[in-house]
Amino acid sequence: MLKQRNENNQISIIIPTYNESENIIKILRSIGEIIPKNIITQAIVVDDNSPDGTGKLVEDYLKNLKKMANYTIEIIHRKAKDGLGSAILRGIQQAKGDTIVVMDSDFSHPPQIIPKLIESIKKYQCDIAIASRYIKGGKIQGWSIKRKLISKFATLIAKKGLGINTKDPMSGFFAFKRNIIKGLNIDAIGYKILLEILVKTKGVSIKEIPYTFQDRKLGASKLDMKTITDYYKSVWKLYRYGKPLEKQEKRSSVKFLSKASRFYTVGASGFAVNYMISLLFIGGISNMWYLHANIIGIIASITTNFIFNKAWTFEDRDFRIKKTMSQYGKFAMFSSIGALVQLGMVYFLVDSAELVYPLALILAVMTAAFGNFVFNKKWTFKEKIIN
Ligand code: GDD
Ligand code: MN
């Protein structure tokens with residue numbers, strides 16, 4: 001028996017645009033030609049005040065358009081370019097359909113696939129239908145090797161890092177039942193809104209439909225370095241989201257020890273950096289006086305120690321310049337004090353306590369590192385000593 005749901009047999013198609021004056025009218029027309037006549041379709045263009053006048057073009061087009069019974073077009077004007085994901089989200093807020101389709105405006109996503117996506121949702125009762133480049137029958141046409149690699153790598157990160165089984169979680173072309181995102185908090189950073197939906201709605205049924213992605217003929221891609229860094233930021237955020245709460249350690253003693261052991265591990269890596277850099281400057285690239293080389297080694301290891309401890313040990317990903325530099329200053333100061341403490345301790349242990357040098361060194365290093373850990377935890381990274 002078919003499940004009965006509250007369905008209004010209406011779909012909404014979200015089409016974000018930024019500088020798509022050469023494509024937008026054509027794509028709106030061809031969507032109109034392709035959509036099934038028995039389904040009411042609401043197309044929503046979300047334009048970010050495109051400098052090339054895409055928004056105005058659509059307005060003018062709508063003024064002269066003959067009204068159709070089953071196809072309406074609306075446009076949302078946003079003030080500034082605020083990213084693809086958030087444009088899509090804005091469109092979703094205005095969508096009336098129970099099924100929502102998301103697609104690009106540059107003909108990379110052939111409108112002919114729309115009916116197939118909708119059919120999958122209606123017929124097979126699935127929640128998300130994805131137009132996929134990476135299943136059998138799917139292809140990409142016109143992309144450089146570099147762009148293909150970026151895409152493949154990003155897909156791999158999503159699949160392995162976030163435990164996604166979908167073959168093309170980066171697709172910008174998909175349809176979904178509106179009710180699956182009800183109550184979800186969508187951040188919509190960057191390009192990858194589908195990925196976010198997939199992570200946050202685990203357990204829904206998904207179908208992938210192969211298609212050929214055609215690189216655009218007109219206009220230019222908006223994918224830039226920021227899009228790529230935003231992507232990795234959002235994967236990181238989604239990764240944290242995906243971690244079940246009960247798996248996050250709550251016992252403060254365990255957290256303290258695990259941070260301390262990370263701190264020691266970083267310290268050991270710093271020793272390796274120091275050693276290698278010093279050797280490099282003495283023998284390798286220049287014939288520096290060994291004390292000068294050692295100073296460079298020390299500075300390098302303090303720097304790498306700082307970066308690893310900030311990002312890994314204390315999981316502080318706020319890398320704004322001013323804050324980071326002030327933390328770096330404190331960290332370097334504690335490192336120098338630590339070095340003095342170590343020196344003093346070795347001297348005392350060997351000279352007065354008559355310990356053998358290797359043992360004295362180990363004890364001194366451990367003590368200085370422990371002090372460093374506690375001080376940096378409290379003052380550099382502003383954590384409670386036990387939390
Ligand atoms: N409103 C708005 N605001 N629209 C935007 C913005 C923005 O900041 N950035 C891009 N767009 C629109 C473009 O006008 C286009 O219609 C669509 O979003 C996709 O942008 P492109 O710049 O053409 O993306 P692409 O072809 O490089 O990337 C495609 O492939 C990716 C998968 O590798 C897109 O389909 C992505 O969605 C997809 O993730
Ligand atoms: Mn494109």
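Read the numbers this way: they start at 1 and go in the same order the structure lists the ligands and their atoms. We count residues from 1, following the sequence as given.
- Follow the hydrophobic side-chain contacts under 4.5 Å out from Leu195 and you reach Ile228 in the same cluster.
- When Ile140, Leu194, Asp104 are ranked by how near their heavy atoms come to atom 19 (C) of ligand 1, first place goes to Asp104.
- Cation-pi geometry between Lys222 and Tyr18 is not met at under 6.0 angstrom from the ring centre and within 45 degrees of the axis.
- Placement of Phe370 and Phe334 in two distinct hydrophobic clusters is found when ILVMFWY residues are connected by side-chain heavy-atom separations under 4.5 Å, directly or transitively.
- Note: Tyr275 and Phe271 have parallel aromatic rings, judged against thresholds of 30 and 60 degrees for the angle between ring planes.
- For the pair Trp143 and ligand 1, a heavy-atom separation below 4.0 Å is found.
- A centroid separation of 6.0 Å or more is found between the aromatic rings of His292 and Phe281.
- Considering both main-chain and side-chain atoms, Ser221 comes within under 3.5 Å of ligand 1 through a nitrogen or oxygen pair.
- Hydrophobic clustering (ILVMFWY, side-chain heavy atoms < 4.5 Å, transitive): Met68 and Leu28 are in one cluster.
- With Glu383 as the partner, the salt bridge (Lys or Arg N to Asp or Glu O under 4.0 Å) test is satisfied by one option alone out of Lys378, Lys259, Lys255: Lys259.
- For ligand 1, the polar-atom distance check against Pro16 finds a nitrogen or oxygen pair separated by under 3.5 Å.
- Of the polar atoms of Phe213, none of the N or O atoms is found under 3.5 Å from an N or O of ligand 1, judged by distance alone.
- Neither the backbone nor the side chain of His77 comes within 4.0 Å of ligand 1, counting heavy atoms alone.
- Between Ala87 and ligand 1, no N or O atom pair is found at a separation short of 3.5 Å.
- Counting protein heavy atoms only, atom 5 (C) of ligand 1 is closest to Tyr18 CB, 3.9 Å.
- Within ligand 1, counting atoms from 1 as listed, the ones closer than 4.0 Å to a heavy atom of Arg216 are 21 (P), 22 (O), 23 (O).
- Counting atoms of ligand 1 from 1 in the listed order, those under 4.0 Å from a heavy atom of Arg133 are 32 (C), 33 (O).
- Using a 4.0 Å cut-off to heavy atoms of Leu223, the atoms of ligand 1 that qualify are 22 (O), 27 (O).
- In this structure, of Arg78, His109, Met103, Glu20, the residue bringing a heavy atom nearest to atom 14 (O) of ligand 1 is Glu20.
- Of the protein's non-hydrogen atoms, Tyr191 CE2, 3.6 Å is the one closest to atom 24 (O) of ligand 1.
- Judged by distance alone, the side chain of Asp351 and the main-chain N or O of Tyr347 form no donor-acceptor pair under 3.5 Å.
- For the pair Lys377 and Phe314, the cation does not sit on the ring face, since its NZ or CZ is not both under 6.0 Å from the ring centre and inside 45° of the axis.
- Both the backbone and the side chain of Leu84 come within contact range of ligand 1, each with a heavy atom under 4.0 Å.
- Looking only at protein heavy atoms, the nearest one to atom 38 (C) of ligand 1 is Met170 O, 3.5 Å.
- Relative orientation of the Phe381 and Phe306 rings is parallel, given thresholds of 30° and 60° on the angle between their planes.
- Proximity of Arg147 to ligand 1, defined as any heavy-atom pair under 4.0 Å, is confined to the side chain (atoms from C-beta onward).
- Taking atom 37 (O) of ligand 1 as the reference point, the nearest protein heavy-atom neighbour is Gly172 CA, 3.4 Å.
- Looking at Lys200, Lys233, Lys192 one by one, the single match for salt bridge (Lys or Arg N to Asp or Glu O under 4.0 Å) with Asp187 turns out to be Lys200.
- Taking the six-membered ring for Trp and the full ring otherwise, the centers of Phe308 and Trp312 sit at least 6.0 Å from each other.
- For a threshold of 3.5 Å applied to N or O pairs, the pair formed by Ser105 and ligand 1 contains at least one separation below that value.
- For atom 22 (O) of ligand 1, the nearest non-hydrogen atom of the protein is Lys222 N, 2.5 Å.
- Annotation: cation-pi geometry not satisfied between Lys217 and Phe107 (NZ/CZ under 6.0 angstrom from ring centroid, within 45° of ring axis).
- Inclusion of Ser171 in the set of residues having an N or O under 3.5 Å from an N or O of ligand 1 is not warranted.
- Here is the list of ligand 1 atoms found below 4.0 Å of a heavy atom in Val46: 1 (N).
- Nearest to atom 3 (N) of ligand 1 among the protein's heavy atoms is Asp48 OD2, 2.7 Å.
- The nearest N/O/S atom of Asp106 to the Mn ion (ligand 2) is OD2.
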Q: Output, in order, the C-alpha distance, side-chain angles, deciding distance and verdict of side-chain contact (heavy atoms from CB on, under 4.5 Å) for Asp316 and Gln327.
A: CA-CA 11 Å; Asp316 171 2; Gln327 288 177 325; 3.0 Å; yes

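- Residue contact check for ligand 1: Gly83 places a non-hydrogen atom closer than 4.0 Å to it.
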